[in-house]
Each structure stands twice: as structure tokens, then as C-alpha cells.
Amino acid sequence: MQRRRLGASGPEVSTIGYGAMSLSGTYGASDDAESLDALHAVVESGIDLIDTAEAYGGGHNERLVGRFLAETSARVFVSTKFGIYFDGGAPRVDCSPTNARRAVEGSLERLGVECIDLYYAHRVDANVPIEETVGALAELVHAGKIAHVGLSACKPDTLRRAAAVHPITAVQSEYSLWTRDPERGVLAACDEVGAGFVPYSPLGRGFLADQTPDADALDGFRRHVPRLAGANLDHNMAIAREIQKIATELGLTTSQLALAWCTARGEHVVPIFGTRRRARVIENALAGDVVLDAATLARLDAVSPPGATRGSALPEFMASLAER
């Protein structure tokens with residue numbers, strides 16, 4: 001597994017990371033024993049960045065990652081997030097300084113660590129200036145509770161304002177051959193302020209793969225995603241099949257190709273994939289050593305240019321949290 005820095009002067013991590021969200025029921029029922037086995041496969045494959053969040057499974061995800069950290073002797077770079085909570089089933093955002101100070105204590109306890117390597121504001125809070133949120137996170141850095149500050153799903157100008165308060169180590173947003181939105185300014189802003197970029201859902205929520213999910217049997221989060229339903233999915237799968245053809249020609253799995261495409265977008269781009277299956281972890285990790293040539297990248301851009309995919313990547317109840 002090759003390695004790269006998160007940003008111009010940030011920490012060095014594996015070229016590809018692992019997102020643990022699916023281990024807590026987001027994409028259907030999960031089994032803790034199987035999940036822990038997958039996490040062990042992650043570090044065995046050379047991946048040392050594991051991403052979680054307070055909101056995943058109501059704390060279950062952080063506790064599960066904490067159990068794994070207690071079992072392994074490997075050095076793991078842990079990122080987690082605060083700021084999303086559920087009020088009567090509806091998601092809300094609270095990235096106030098008060099909530100940042102409250103939330104970090106819970107995450108530290110659940111993870112069983114003394115310092116969190118990278119702590120993200122999970123969304124931008126429309127009711128709290130980003131300067132106040134990042135100022136509170138800077139205080140947590142000085143207190144030794146977190147090592148690095150990150151933002152998730154922010155706009156370019158918000159990132160610039162945040163970086164004026166404290167260095168931003170990474171921005172995490174959805175990005176893949178199906179989701180090109182960060183190319184509209186966010187990637188450039190990351191380069192400008194020296195932040196790394198961490199694409200989540202780089203495999204199109206499982207549909208940029210050789211064996212795609214059964215759309216008629218989707219459960220959990222994906223059941224509500226417009227991109228994965230009806231005519232939208234029919235259109236999008238035509239794009240995915242073209243990507244599959246290119247992967248086959250190259251002797252790669254579609255997932256490996258999709259991950260390698262992400263890492264080729266910039267030297268500080270570190271995608272995080274998620275799966276509950278040990279075999280898939282091992283398979284996907286191999287993408288960390290794949291380097292795509294200019295001709296292949298051009299073919300992929302021709303097959304799946306910005307704006308080609310139809311339908312929102314998020315269900316309405318989550319899309320409502322997007323920065324306006």
C-alpha cells in the first residue's frame with residue numbers, strides 16, 4: 001500500500017482509507033463479529049486510516065471501532081465526526097462550540113483513546129458561523145483531545161474562512177465517477193489552503209462494482225436515494241457498465257478502477273471505501289498500488305463526465321443538511 005499526505009503538511013496515511021459507516025446498519029443489518037473481522041482485514045491490507053462518526057448507529061460505530069483498537073497492535077489513524085444528531089428521527093446539525101466540547105468527550109470514551117487523530121465537523125451549521133465552530137475545534141487541539149481539524153461537505157468559501165482560523169487538515173465529501181460535484185471549486189480550495197481531500201462513497205454506494213446490489217432488495221439508507229431508483233438507476237447503470245468494461249480490459253475489478261480514479265485526482269486525495277466483507281476489503285485495498293495512465297483517465301472522463309449521472313446522491317432527509 002502506497003502512502004500520501006493529507007494536505008500539504010498534514011499526516012501521512014495509506015493512499016486508501018476505510019469508512020466504517022456500513023458496520024452499523026446504514027446499509028442493512030450488520031454483525032459485529034463479521035465487522036471486526038473486516039476491520040482486522042483493513043490493517044492486514046496496509047490501510048491505517050479508519051473513519052467513523054458519532055452519528056453512525058447512535059454511537060455503535062465508534063464503540064465497535066474502539067473494540068477493534070483494543071484488539072489490534074497496529075497503529076491506526078482514526079477520524080471521526082460530530083455535529084449530526086437525530087431529533088424524532090429527523091437529522092439535525094449542531095456544530096456549536098458547546099456541542100463540540102460535549103461530543104468530543106463521548107467520542108474519546110467510545111473509541112477508548114486519549115486523542116482523536118482527525119476530528120471533523122460533520123456538516124456546516126447554518127446557525128453557527130464556521131469561525132466559531134473551528135475556533136472551538138482549535139481549542140480541542142490545544143487541549144490535546146484532537147490532533148487535526150476537518151470539515152465535511154463544505155463549500156469552497158467556507159473552507160477558506162475556516163482555514164483562516166485554524167489549519168484544516170482534510171475535507172470529506174462524496175466524490176466518485178458518479179459524483180463529480182467537488183470539482184466545482186472544493187478540490188481547488190483544498191489545494192489553496194493546503195488541505196487533503198477524503199472522498200466518501202467512492203464506489204457509488206456499491207454500484208461501481210463487478211457485483212452490484214439488487215436494486216429491488218435495497219435496504220437501509222440506499223432505499224431512499226433517488227439516484228438508485230427507477231429510470232435514474234437504469235440510466236446510471238448504463239454508465240457503470242461502461243466503467244466495468246474498462247476495468248475488465250485493464251485486469252482490474254470495477255471497484256479497484258473506481259478507487260484508483262479517485263487517487264489519481266490529486267496527490268492529497270485519499271478515498272475511503274466501506275464494506276462488511278473481508279474479501280472485499282482485501283480486493284479493494286489492492287487499488288492503493290494502481291496507477292492509471294492519462295489515456296485511461298481520459299476514457300473514464302468521456303464515459304462518466306461531470307453531470308452525467310441522474311438523481312440526487314442523498315435522500316431528501318439528508319440532502320436537507322447540505323450547506324446552502
Side-chain angles (χ1 to χ4, degrees), residues 1-19 42 45-52 75-81 116-122 124 130 134 137-138 141 146-177 179-203 256-274 284-294 296-297 300-301 306:
M1 173 70 67
Q2 298 182 28
R3 300 180 66 75
R4 52 180 52 181
R5 290 200 176 278
L6 275 179
S9 58
E12 186 180 81
V13 296
S14 51
T15 297
I16 292 175
Y18 178 79
V42 165
S45 299
I47 295 172
D48 64 2
L49 168 58
I50 295 178
D51 179 82
T52 179
R75 172 68 181 99
V76 178
F77 185 93
V78 177
S79 62
T80 190
K81 301 175 283 291
I116 295 166
D117 295 307
L118 173 58
Y119 200 49
Y120 292 95
H122 206 158
V124 175
I130 195 64
V134 174
L137 296 179
V141 172
I146 66 176
H148 300 278
V149 174
L151 299 179
S152 182
C154 65
K155 290 185 175 181
D157 285 345
T158 302
L159 173 58
R160 295 185 183 99
R161 288 167 51 202
V165 176
H166 187 274
I168 302 300
T169 295
V171 171
Q172 183 178 140
S173 294
E174 183 163 355
Y175 187 47
S176 72
L177 278 161
T179 303
R180 305 287 290 268
D181 298 352
E183 294 173 15
R184 299 200 296 264
V186 172
L187 291 175
C190 284
D191 288 342
E192 180 184 326
V193 305
F197 185 74
V198 178
Y200 74 78
S201 295
L203 305 182
Q256 289 168 346
L257 179 59
L259 288 165
W261 178 86
C262 282
T263 63
R265 307 313 287 180
E267 60 181 330
H268 303 306
V269 177
V270 179
I272 53 173
F273 70 87
N284 291 346
L286 295 174
D289 293 320
V290 174
V291 178
L292 302 179
D293 60 28
T296 299
L297 293 171
L300 290 169
D301 279 345

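Remember, predicted model here, so these are calculated numbers, not experimental data.
Contact record, Cys190 with Leu159: N-CD2, 3.7 Å, taken as the closest heavy-atom pair. When all heavy atoms of Arg160 and Ala189 are compared, the closest pair comes out as NH2-CB, 4.0 Å. Taking every heavy atom of both residues into account, Tyr120 and Ser152 meet most closely at CD2-N, 4.3 Å. Scanning both residues, Ala285 and Met1, for their nearest heavy atoms gives O-CE, 3.3 Å. Scanning all heavy atoms of the two residues, the minimum distance from Pro167 to Val149 falls at O-CB, 4.0 Å. Residue Asp117 comes nearest to Val76 through the heavy atom pair OD2-O, 3.4 Å, listed as atom of the first residue, atom of the second, then distance.
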Quiz prompt | Intermediate values then yes/no, side-chain contact (heavy atoms from CB on, under 4.5 Å), Tyr200 and Thr179 | solution = CA-CA 10 Å; Tyr200 74 78; Thr179 303; over 6 Å; no

Quiz item: side-chain contact (heavy atoms from CB on, under 4.5 Å) between Leu6 and Val198: does it pass, once the steps are laid out?
Solution: CA-CA 8 Å; Leu6 275 179; Val198 178; 3.8 Å; yes

Quiz item: Are Thr263 and Leu292 close enough, and set up right, to give a side-chain contact (heavy atoms from CB on, under 4.5 Å), and what steps lead you there?
Solution: CA-CA 9 Å; Thr263 63; Leu292 302 179; over 6 Å; no

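Rounded to the nearest 0.5 angstrom, Thr80 OG1 and Ile50 CD1 are separated by 12.0 Å. Here Phe77 contributes atom CZ and Leu49 contributes atom CG; the two are 6.5 Å apart, rounded to the nearest 0.5 Å. Between Ile272 atom CD1 and Ser79 atom OG the span is 6.0 Å, to the nearest 0.5 Å. We find the CG-OG1 distance between Asp301 and Thr296 to be 11.0 Å, quoted to the nearest 0.5 Å.
Evaluated for a side-chain contact (heavy atoms from CB on, under 4.5 Å) with Leu118, the options Asp51, Thr169, Ile146, Val78 yield exactly one hit, Thr169. Exactly one of Asp48, Val42, Asn284 qualifies for a side-chain contact (heavy atoms from CB on, under 4.5 Å) with Tyr18. That residue is Val42.
When atom types are taken as modelled, the side chain of Lys81 and the backbone of Thr52 share a donor-acceptor pair closer than 3.5 angstrom. Thr15 places a side-chain N or O within donor-acceptor distance of the main-chain N or O of Gln2, the cut-off being under 3.5 Å. Using a distance-only test at 3.5 Å, with no hydrogens or angles considered, no donor-acceptor pair links the side chain of Arg4 to the main chain of His268.
In this structure the side chain of His166 never reaches within 4.5 angstrom of the side chain of Leu137, judged on heavy atoms. By the 4.5 Å heavy-atom criterion applied to side chains, Leu151 and Val124 are not counted as neighbours. Residues Val290 and Leu259 form no side-chain contact, since every pair of their non-hydrogen atoms from C-beta on lies 4.5 Å or further apart. Side-chain contact between Asp181 and Tyr175: absent, with no pair of heavy atoms (C-beta onward) separated by less than 4.5 Å. In this structure the side chain of Phe197 reaches within 4.5 angstrom of the side chain of Ser173, judged on heavy atoms.
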